[in-house]
*Asks:* 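Right, I'll just put the structure down here and ask away after.
Chain letters run A, B, ... following the sequence lines, proteins first, then strands; residues in each count from 1. This is a predicted model, so every value here is computed, not measured.
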Amino acid sequence: MVHIKLVSKDGKDQEIHDVSELEKRVKERKAAAVKINGHSADLNRIPSLKDSDIVEIIPLDSDEGKEIYRHSTSHVMAYAVKNLFPDVRIAIGPSIQDGFYYDFDIDRTFTPDDLATIEKQMQTIISKNPPFVRKEMTRSEARSLFEKLGEPYKVELIDALKDDTVTLYEIDGFIDLCRGPHLESAGRITAYKLLSVAGAYWKGDENNKMLQRIYGTSFSKASDLKKYLLFLEEIKKRDHRRLGKELDLFSVNDEIGAGLILWHPKGSIIRKSIEDFWRNEHLLADYQILYTPHIAKLKLWEKSGHWDFYRENMYSPMDIDNVAYEVKPMNCPFHIAVYKTAIRSYREFPVRYAELGTVYRYEKSGVLHGLLRVRGFTQDDAHIFCREDQIEDEILHVLDFTLSVLKTFGFDDYNVFLSTMPEKYVGPPEIWERSTNALKRALNEKKIAYEVDPGAGVFYGPKIDIKVKDSLGRQWQCSTIQVDFNNPERFDMTFRGSDGRNHRPIMIHRALMGSLERFIGVLIEHYGGAFPLWLSPVQLSVMTIADRHRAYAQTMVDTLKQRGIRVELDAENEKIGNKIRKSTKRKIPYAVVIGDKETSEANVMLRKRNGENIGPFSPEELLSLLQDEINTKK
RNA sequence: GCCCAUGUAGCUCAGUCGGUAGAGCACAUCCUUGGUAAGGAUGAGGUCACCGGUUCAAUCCCGGUCAUGGGCUCCA
């Protein structure tokens with residue numbers, strides 16, 4: 001008779017006195033593994049449970065369960081690769097978000113055909129249902145084992161371990177160093193798919209050898225795998241680079257340069273709509289708007305510290321009349337210069353300067369990616385100058401403002417991160433401490449849950465980053481709020497306090513959208529190219545049935561255009577089905593068909609891009625309906 | 001920057017085991033004037049990314065460059 005406590009997340013703990021009873025429960029609950037006294041363990045450890053052990057089931061569909069499942073899949077994949085390519089050296093193969101990978105060192109390159117072959121080999125392994133057998137041995141035993149097996153990466157991993165005993169798992173003779181736990185046998189793996197091959201440095205260090213990484217994913221239910229693969233397809237369909245081309249929004253050009261965006265007319269009008277909105281909101285929120293130059297003397301950047309701390313992202317200086325100039329990677333020094341054109345008083349605080357400032361930063365060629373990662377971009381930047389005791393209020397103000405702007409774009413789900421002092425930092429640690437606390441207090445006041453990201457702050461101060469979730473649930477970092485007590489010092493900024501003496505202001509940098517390029521890239525994917533009316537490049541397409549309807553349709557288009565609607569006339573020599581199709585493919589929100597009926601009745605039906613018809617509306621009703629939807633930004 | 005893959009008409013892609021290329025869509029002209037996701041015909045469009053090498057001959061083979069994509073790393 002044993003006494004085992006089975007604990008569960010819902011609080012319904014149970015005493016179990018029979019190991020077979022526990023095994024039954026484990027099956028019922030579709031466990032991936034268990035936790036014994038808080039430590040995760042394989043299911044086949046259950047028979048050796050001791051009296052008064054506390055057991056918790058890790059279900060397959062929990063995050064931890066999925067991790068175990070995928071980790072086991074990655075072992076099977078490594079085994080399959082080793083079978084097919086005996087001279088491969090295996091490196092490391094963890095589970096990751098939505099899947100797993102395994103890194104291999106091999107003299108040939110894996111091709112997509114290889115992936116299919118490896119998948120087949122995995123199936124062969126899985127169908128034999130070999131158990132995952134856990135082994136323990138001393139470090140030196142394990143070390144010599146892997147040396148004998150010709151696995152230098154495993155040896156290196158073992159050397160980095162601190163424990164005296166290490167654990168290994170064996171499936172069908174294939175031994176891998178692994179902490180575990182694992183599924184009890186490979187046969188439990190039912191739905192998996194290898195997705196891609198890519199290069200990856202050993203331990204992520206570019207000084208190390210480049211290995212080949214195979215990415216894959218696995219699910220305990222085939223339907224979940226299918227759902228995930230459909231999700232990947234949906235991501236592809238929404239890819240902003242693809243939609244940007246299809247909808248004629250932007251391009252990049254070899255002759256001009258990588259990472260430099262050409263905004264086409266359709267993309268520019270989206271951008272202009274966002275910029276207009278942005279400026280209006282900033283004026284309403286008591287910001288003052290600035291315009292500043294694109295280059296400045298190198299000396300300025302030396303003074304600001306960018307040349308010391310940010311040089312690897314800056315372009316080489318250019319020579320102007322024997323003086324070195326730099327294209328700007330940031331806007332802050334310019335805003336500081338504006339601040340310093342007068343003696344400032346605490347009475348004007350907080351001073352909030354905002355600018356849509358275009359900056360240029362060097363990015364390694366391999367990281368450039370459509371609109372999301374570019375070399376020239378426009379920040380929706382602002383700098384707030386205030387007293388240290390105003391930080392908290394200002395952060396609150398910025399948070400409110402940011403969240404309301406993000407909400408306009410349908411982002412009302414987000415995660416917040418607080419980044420603290422990094423290794424390379426400037427300024428006294430006490431000020432870091434105080435301003436980090438001010439950020440914390442503001443977040444707490446707003447009751448915003450946040451995660452601390454230790455050491456991820458900028459060199460000049462702590463920051464709050466906001467990651468929004470798009471319509472597919474993916475996270476994007478756009479907004480950032482950064483405290484800076486370094487630049488006011490460097491530029492000897494002052495303000496006259498109520499005591500008549502000069503004091504040092506605090507500076508807050510913030511961007512809501514981050515960069516317009518990136519933000520619009522995110523928006524394209526978020527909306528899948530089907531922009532809300534206020535952002536749509538063409539808001540309404542008016543199409544004629546026959547040539548005799550052209551004059552009436554033209555009048556209507558002219559009238560709407562005069563009233564600010566972005567409307568296009570399609571009076572081409574085509575059938576109405578063709579015109580509808582074109583307008584739908586371009587994701588134009590509304591279409592109006594003008595035929596005999598409309599010309600005689602002076603009423604129109606409005607066709608939404610999803611095919612639904614609403615109406616009929618008189619021309620005035622149509623106009624006010626459109627204007628209302630544009631104004632409310634729905 | 002590094003590893004791998006890719007670069008053919010405006011777009012999406014075929015193709016040539018070395019003898020200077022083809023489809024669909026888009027575009028132009030003509031016919032058709034048709035009521036809610038593709039009417040028909042005809043036509044125009046390409047130094048096959050760029051530079052060099054091998055060859056009688058290169059879009060194809062080789063080398064380099066640039067760009068794009070998947071990653072590593074970094075970040076707005």
Side-chain angles (χ1 to χ4, degrees), chain A residues 101 103 105 108-112 195-215 236 239 241-242 245-246 248 251-259 310 312-313 329-330 357 359 361-381 456 458 463 465-467 476-480 482 509-519 521-522 541 543-550 571-586 591-598 605-613:
Chain A
Y101 66 78
D103 287 346
D105 186 3
R108 73 196 293 281
T109 42
F110 291 126
T111 64
L195 298 169
S196 60
V197 193
Y201 299 107
W202 168 236
K203 290 182 171 170
D205 185 338
E206 59 186 332
N207 299 313
N208 286 342
K209 182 161 186 191
M210 177 73 68
L211 307 175
Q212 289 194 70
R213 176 172 295 180
I214 300 180
Y215 283 93
K236 257 190 210 157
D239 190 312
R241 293 163 301 181
R242 174 187 178 141
K245 215 179 256 179
E246 279 173 17
D248 197 16
S251 61
V252 283
N253 183 312
D254 278 20
E255 272 187 289
I256 291 167
Y310 206 72
E312 58 186 26
N313 287 292
M330 292 194 190
V359 298
R361 297 184 187 172
Y362 172 72
E363 297 286 353
K364 291 179 178 180
S365 63
V367 306
L368 300 174
H369 182 89
L371 293 176
L372 299 183
R373 206 55 195 284
V374 295
R375 284 180 173 162
F377 58 96
T378 302
Q379 288 186 303
D380 68 319
D381 211 356
V458 202
K463 63 171 180 171
D465 287 333
I466 300 175
K467 288 188 185 171
W476 303 96
Q477 199 222 299
C478 297
S479 316
T480 182
Q482 312 174 345
H509 307 240
R510 55 104 274 206
L512 310 183
M513 303 183 282
S515 97
L516 281 161
E517 284 74 7
R518 181 183 162 80
F519 192 72
V522 171
S541 174
M543 41 192 75
T544 54
I545 297 284
D547 283 348
R548 63 179 174 281
H549 309 119
R550 193 184 193 123
E572 271 178 31
N573 183 6
E574 281 295 347
K575 292 194 171 185
I576 197 65
N578 180 291
K579 297 180 185 181
I580 291 283
R581 179 167 193 271
K582 279 188 293 182
S583 135
T584 310
K585 288 205 79 171
R586 292 171 61 197
V592 162
V593 175
I594 304 292
D596 287 339
K597 193 164 167 293
E598 287 75 12
M605 290 295 289
L606 242 199
R607 187 188 203 277
K608 297 188 182 178
R609 63 187 149 200
N610 64 10
E612 190 188 335
N613 274 292

*Asks:* So, is A/Lys245 close to the B/U12 phosphate, meaning a side-chain N or O under 4.0 Å from OP1 or OP2?
*Replies:*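 For A/Lys245, the contact criterion (side-chain N or O under 4.0 Å from OP1 or OP2 of B/U12) is met.
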*Asks:* With heavy atoms under 4.0 Å as the rule, sort A/Asp547 into base, sugar-phosphate or nothing.
*Replies:*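 Base: the residue A/Asp547, judged by heavy atoms under 4.0 Å, touches a nucleobase.
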*Asks:* Going by distance alone, is a donor N or O of one side chain under 3.5 Å from an acceptor N or O of the other, for A/Lys582 and A/Ser541?
*Replies:*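 Not at all, the side chains of A/Lys582 and A/Ser541 share no donor-acceptor pair under 3.5 Å.
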*Asks:* Distance criterion of 3.5 Å, no angle test: do you see the side chain of A/Tyr362 paired donor-to-acceptor with the base of B/G1?
*Replies:*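 No pair found.
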*Asks:* Base of B/C74, side chain of A/Arg373 - is there a donor-acceptor contact under 3.5 Å?
*Replies:*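 Per atom types, the contact qualifies.
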*Asks:* Side-chain N or O of A/His549 less than 4.0 angstrom from OP1 or OP2 on B/G35?
*Replies:*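 Answer no for this pair, as no side-chain N or O of A/His549 is under 4.0 Å from OP1 or OP2.
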*Asks:* Give a yes or no on whether a salt bridge exists between A/Lys467 and A/Asp465, defined as a side-chain N under 4.0 angstrom from a carboxylate O.
*Replies:*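 Judged by the 4.0 Å cut-off on N to carboxylate O distance, A/Lys467 and A/Asp465 do not form a salt bridge.
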*Asks:* Which part of the nucleic acid, if any, lies within contact of A/Gly595, taking any heavy atom under 4.0 Å across all strands shown: a base, the sugar-phosphate backbone alone, or nothing?
*Replies:*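 It contacts base atoms.
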*Asks:* Across the strands shown, which category fits A/Arg241 at heavy-atom distances under 4.0 angstrom: base, sugar-phosphate, nothing?
*Replies:*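 Contact class for A/Arg241: sugar-phosphate only.
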*Asks:* Please determine whether a side-chain nitrogen or oxygen atom of A/Arg550 lies at a distance below 4.0 Å from atom OP1 or OP2 of B/U33.
*Replies:*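 So the side chain of A/Arg550 is outside the cut-off, no N or O lying under 4.0 Å from OP1 or OP2 of B/U33.
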*Asks:* Taking OP1 and OP2 of B/C72, is either one under 4.0 Å from a side-chain nitrogen or oxygen of A/Tyr215?
*Replies:*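 It does, given that an N or O in the side chain of A/Tyr215 lies less than 4.0 Å from OP1 or OP2 of B/C72.
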*Asks:* Can a donor-acceptor pair under 3.5 Å be found between the side-chain atoms of A/Glu255 and the base atoms of B/A67?
*Replies:*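 Flag unset: no donor-acceptor pair detected.
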*Asks:* With sugar-phosphate meaning primed atoms plus P, OP1 and OP2, does A/Asn313 contact a base, only sugar-phosphate, or nothing at under 4.0 Å between heavy atoms?
*Replies:*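 Nothing: the residue A/Asn313, judged by heavy atoms under 4.0 Å, touches no strand.
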*Asks:* Look at all strands and tell whether A/Leu211 reaches a base, only sugar-phosphate, or nothing, counting heavy atoms closer than 4.0 Å.
*Replies:*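 Answer is nothing: A/Leu211 stays at 4.0 Å or more from every strand.
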*Asks:* Quick one about A/Asp381 and A/His509 (side-chain donor to acceptor, distance below 3.5 Å, no hydrogens or angles considered), yes or no?
*Replies:*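 A/His509 vs A/Asp381: no donor-acceptor pair found between side chains.
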*Asks:* Send over the distance from A/Arg609 CZ to B/U36 C1', rounded to a whole Å.
*Replies:*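 Rounded to whole Å, this separation is 17 Å.
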*Asks:* Tell me: CZ of A/Arg581 to C1' of B/G34, nearest whole Å?
*Replies:*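 Atom CZ in A/Arg581 sits about 18 Å away from atom C1' in B/G34.
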*Asks:* Would you classify B/G45 as syn or anti? Syn applies when the glycosidic angle is within 90° of 0.
*Replies:*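 B/G45: syn.
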*Asks:* Kindly say whether, by distance alone, the side chain of A/Gln212 makes a donor-acceptor pair under 3.5 Å with the base of B/G71?
*Replies:*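 No pair found.
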*Asks:* Scan A/Ala511 against the nucleic acid and name what it touches under 4.0 Å (heavy atoms): base, sugar-phosphate only, or nothing.
*Replies:*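 Since no nucleic acid heavy atom lies under 4.0 Å of A/Ala511, the category is nothing.
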*Asks:* Within this structure, what is the CD-to-C1' distance between A/Glu572 and B/G39, rounded to whole angstrom?
*Replies:*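 In whole Å, B/G39 C1' and A/Glu572 CD are 14 Å from each other.
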*Asks:* In this structure, how many angstroms lie between the P atom of B/G70 and the CG atom of A/Asp239, rounded?
*Replies:*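 About 7 Å, once rounded to whole Å.
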*Asks:* To the nearest Å, give me how far apart CG (A/Leu372) and P (B/G71) are.
*Replies:*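 From A/Leu372 CG to B/G71 P: 12 Å.
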*Asks:* Is the shortest side-chain N/O distance from A/Arg548 to OP1 or OP2 of B/G34 below 4.0 Å?
*Replies:*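 A/Arg548 to B/G34 OP1/OP2: side-chain N or O found under 4.0 Å.
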*Asks:* Could you tell me whether A/Glu246 contacts a base, only the sugar-phosphate backbone, or nothing, with contacts defined as non-hydrogen atoms closer than 4.0 Å?
*Replies:*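 Counting heavy atoms under 4.0 Å across all strands, no contact is made by A/Glu246.
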*Asks:* Answer yes or no: does a side-chain N or O of A/Thr480 lie under 4.0 Å from OP1 or OP2 of B/A76?
*Replies:*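 So the side chain of A/Thr480 is outside the cut-off, no N or O lying under 4.0 Å from OP1 or OP2 of B/A76.
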